[in-house]
Visitor: 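What follows is a structure written as structure tokens; I'll ask about it next.
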Amino acid sequence: MTIDTLTPGVIAQTSAATVSLLPLLARFSLRVGETERAALAKAIGLDLPLKTGARAKAGGVEVLCLGPDEWVLITDDAPRLRDACAGIQRQAPHSLVEISDRELSFLIEGPKAAELLTLGCPRNIDRIADGEGRRTVFDGATVILWRDGANRFRFDVSRSFAPHIVALLETGCAELGAEYSD
Amino acid sequence: MLLIHCPYCDETLPELEFTYAGEAHIARPANPSEASDEDWEKFLFIRTNARGPHFERWRHIHGCGRFFNALRDTVSDKFLATYRAGAPRPDLDSVKKAAE
Ligand SMILES: [Zn+2]
């Protein structure tokens, strides 16, 4: 299927779940070692969570820990984040790469949102607590899942995989919707 | 489906998030130009092909991205242990005992 990536809005909707495309946002990938971590956290203005899947949010920056030395950051002020990190590059070497355009972000919500994700995700979704996130797999493609509530998820998908993933979610929405209305 | 414990995420997760990466604890010769053809061949191609417990590398590719080592029984396909890359080989007997 084709997705109009410039027009956020509802893509699929049934009584089971609603899938919508979120507006474009500024996203960064941060890689930093143990010794430089504290300096980075200070420059960004929030503590970098250390456990895979843990999240933090402060001063317009939201961060998710993807692995032992890797984080993804979402910010509403990209120039400020870039400047803050560039300012300490010499004292605390690190890698901050803008990846805003690498993925599309979707919102999945509704009474069967978690069940809809099990269509492509082999993980036990219930083991991801509200307010956590994970990098995982969805029908063969790497995705980043943010759980914002029991029935509310954000879902980052690489652009090239998005048509396939969205088509699957659309089918799933219809299927679960048909089951759910009975 | 196999469930694999990632020693970095400290979670036991479905096999689909992981990828196999060959036998573990294969050290590259420190100075390849001094290695004999036989030694180089051994390093590149010769593997244990174990029937039973096998030390092997795995990668949590759709997760934290880390390589780690595992001890898996190639007959039963059972994972006896997983441990971080760089950690020493665990003692086979004590791992087996713990798994029983
Ligand atoms: Zn992991």
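Quick note on labels: first sequence line is chain A, next is B, and so on, each numbered from 1.
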Visitor: Are A/Leu30 and A/Val72 joined in one hydrophobic group, where the rule is that I, L, V, M, F, W and Y side chains link up if heavy atoms are under 4.5 Å apart?
Guide: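 No.
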Visitor: Within a reach of under 6.0 Å around CG of B/Asn49, are more than 12 heavy atoms found that belong to other residues, nucleotides or ligands?
Guide: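 Count not over threshold, so no.
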Visitor: Can you name the closest pair of heavy atoms from B/Cys64 and A/Gly67 and give their distance?
Guide: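 Shortest heavy-atom separation between B/Cys64 and A/Gly67 comes out as CB-CA, 3.7 Å.
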Visitor: Using non-hydrogen atoms only, which part of B/Glu15 is less than 4.5 Å away from chain A: side chain, backbone, both, or neither?
Guide: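 No part of B/Glu15 comes within 4.5 Å of chain A.
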Visitor: Show me, pair by pair, the donor-acceptor contacts under 3.5 angstrom made by side chains of residues 124-131 of chain A, not counting sequence neighbours?
Guide:
residue	atom	partner	partner atom	Å
A/Asn124	OD1	A/Asp126	N	3.1

Visitor: Against chain B, work out which of A/Pro122, A/Cys65, A/Cys121 has the most heavy-atom pairs shorter than 4.5 Å and name it.
Guide: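 Answer, by heavy-atom pair count under 4.5 Å with chain B: A/Pro122.
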Visitor: Mind checking the NE2-OG1 spacing from B/His60 to A/Thr136? Nearest 0.5 Å is all I need.
Guide: 7.0 Å
Visitor: Looking only at heavy atoms, which two atoms of A/Val137 and B/Leu16 are closest? And how far apart?
Guide: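 So the minimum-distance heavy-atom pair works out to CG1-O, 4.1 Å.
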Visitor: For atom CG of B/Asp39, is the number of surrounding heavy atoms from other residues, nucleotides or ligands below 6.0 Å larger than 12?
Guide: yes
Visitor: What part of A/Arg134 is in contact with chain B, defined as an atom under 4.5 angstrom from a non-hydrogen atom: side chain, backbone, both or neither?
Guide: side chain
Visitor: Can you name the nearest heavy-atom pair linking B/Gly65 to A/Arg135, along with the distance?
Guide: N-NH2, 4.3 Å
Visitor: Look at atom CD of A/Glu34 and say whether more than 12 heavy atoms of other residues, nucleotides or ligands are closer to it than 6.0 Å.
Guide: no
Visitor: List the atom pairs, donor and acceptor, that lie under 3.5 Å between side-chain atoms in residues 51-63 of chain A and the rest of the protein, sequence neighbours left out.
Guide:
residue	atom	partner	partner atom	Å
A/Lys51	NZ	B/Cys9	O	3.3
A/Arg55	NH1	A/Glu132	O	3.0
A/Arg55	NH1	A/Arg147	O	3.1
A/Arg55	NH1	A/Asp148	OD1	3.2
A/Arg55	NH2	A/Glu62	OE2	3.1
A/Arg55	NH2	A/Asp148	OD1	2.8
A/Glu62	OE1	A/Arg154	NH1	3.3
A/Glu62	OE2	A/Arg154	NH2	3.1

